Amino acid sequence: MSKSYIQIMKQIEALKGEAEKLRKEEIDGVKARIREAIEFYDLTAADLGLGSAKGGKRKATVTPNDAASKARKPRRARKLSQAAKYRDEATGGTWVGRGKRPQWLRDALTSGKTLDSFLVK
């Protein structure tokens, strides 16, 4: 005799519950092994790339050989907050006048409007 749709759906839900229970048990085991390795090797969050060295137990020292082998990371560009120079009153879209023009502005310019008509006064 074949199973009904409802019976199969109940089996699926039961299997999902069982899978989640096994997943949680495996996660507990993984976390325990990770904690053990962290304690054994005396690792900090900074050593693992999870935080800054400020709050760690120790700071990493850089030897001359290490300094030559590690490339300097480029600085991040600062985001400058600027007041909007262009605004579309109908949609509420704004643009500061730098970078790629937003789609709402490109569409408006294509339809025949001028850039000056969107200037914020």
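Hydrogens, waters and symmetry mates are skipped; everything else that's a heavy atom, side chains included, is used. All figures in this text were calculated on a predicted structure; none of them were measured in a lab.
- Hydrophobic clustering keeps L22 apart from V30 (ILVMFWY residues linked when any side-chain heavy atoms are closer than 4.5 Å, directly or through intermediates).
- Applying the side-chain contact (heavy atoms from CB on, under 4.5 Å) criterion to K100, with sequence neighbours excluded, gives R106.
- Between K31 and I34 the shortest side-chain heavy-atom distance does not fall below 4.5 Å.
- For residues 2-40, no residue pair satisfies the ring pair (Phe, Tyr, Trp, His ring centres under 6.0 Å) rule, not counting sequence neighbours.
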Using distance only, find each side-chain donor-acceptor pair of residues 84-93 under 3.5 Å and give its atom names and separation, not counting sequence neighbours.
from: D88; atom 1: OD1; to: A90; atom 2: N; distance (Å): 3.3
from: D88; atom 1: OD2; to: T91; atom 2: OG1; distance (Å): 2.9
from: T91; atom 1: OG1; to: G93; atom 2: N; distance (Å): 3.3

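- Each of V96 and L105 belongs to its own hydrophobic cluster when Ile, Leu, Val, Met, Phe, Trp and Tyr are linked at side-chain heavy-atom distances under 4.5 angstrom.
- Expressed to the nearest 0.5 Å, how far CD1 of I6 lies from CE of M9 amounts to 10.0 Å.
- For R23, the salt bridge (Lys or Arg N to Asp or Glu O under 4.0 Å) partners two or more places apart in sequence, or in a different chain, are E20.
- I27 belongs to no hydrophobic cluster, as no Ile, Leu, Val, Met, Phe, Trp or Tyr side chain comes under 4.5 Å of its own.
- To the nearest 0.5 Å, atom CG of residue L48 and atom CD1 of residue I38 are 5.5 Å apart.
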Quiz: residues 112-121 side-chain donor-acceptor pairs under 3.5 angstrom, not counting sequence neighbours:
from: T114; atom 1: OG1; to: S117; atom 2: N; distance (Å): 3.4
from: S117; atom 1: OG; to: T114; atom 2: O; distance (Å): 2.5

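- Looking only at distances, no side-chain donor or acceptor of W104 sits under 3.5 Å from a matching main-chain atom of D107.
- To the nearest 0.5 Å, atoms CD (Q7) and OG (S2) are separated by 8.5 Å.
- For residues 7-38, the set of pairs meeting the ring pair (Phe, Tyr, Trp, His ring centres under 6.0 Å) definition, not counting sequence neighbours, is empty.
- Side chains of K16 and E13 form a contact here, defined as non-hydrogen atoms less than 4.5 Å apart.
- Atom CD of Q103 has more than 12 heavy atoms from other residues, nucleotides or ligands within 6.0 Å.
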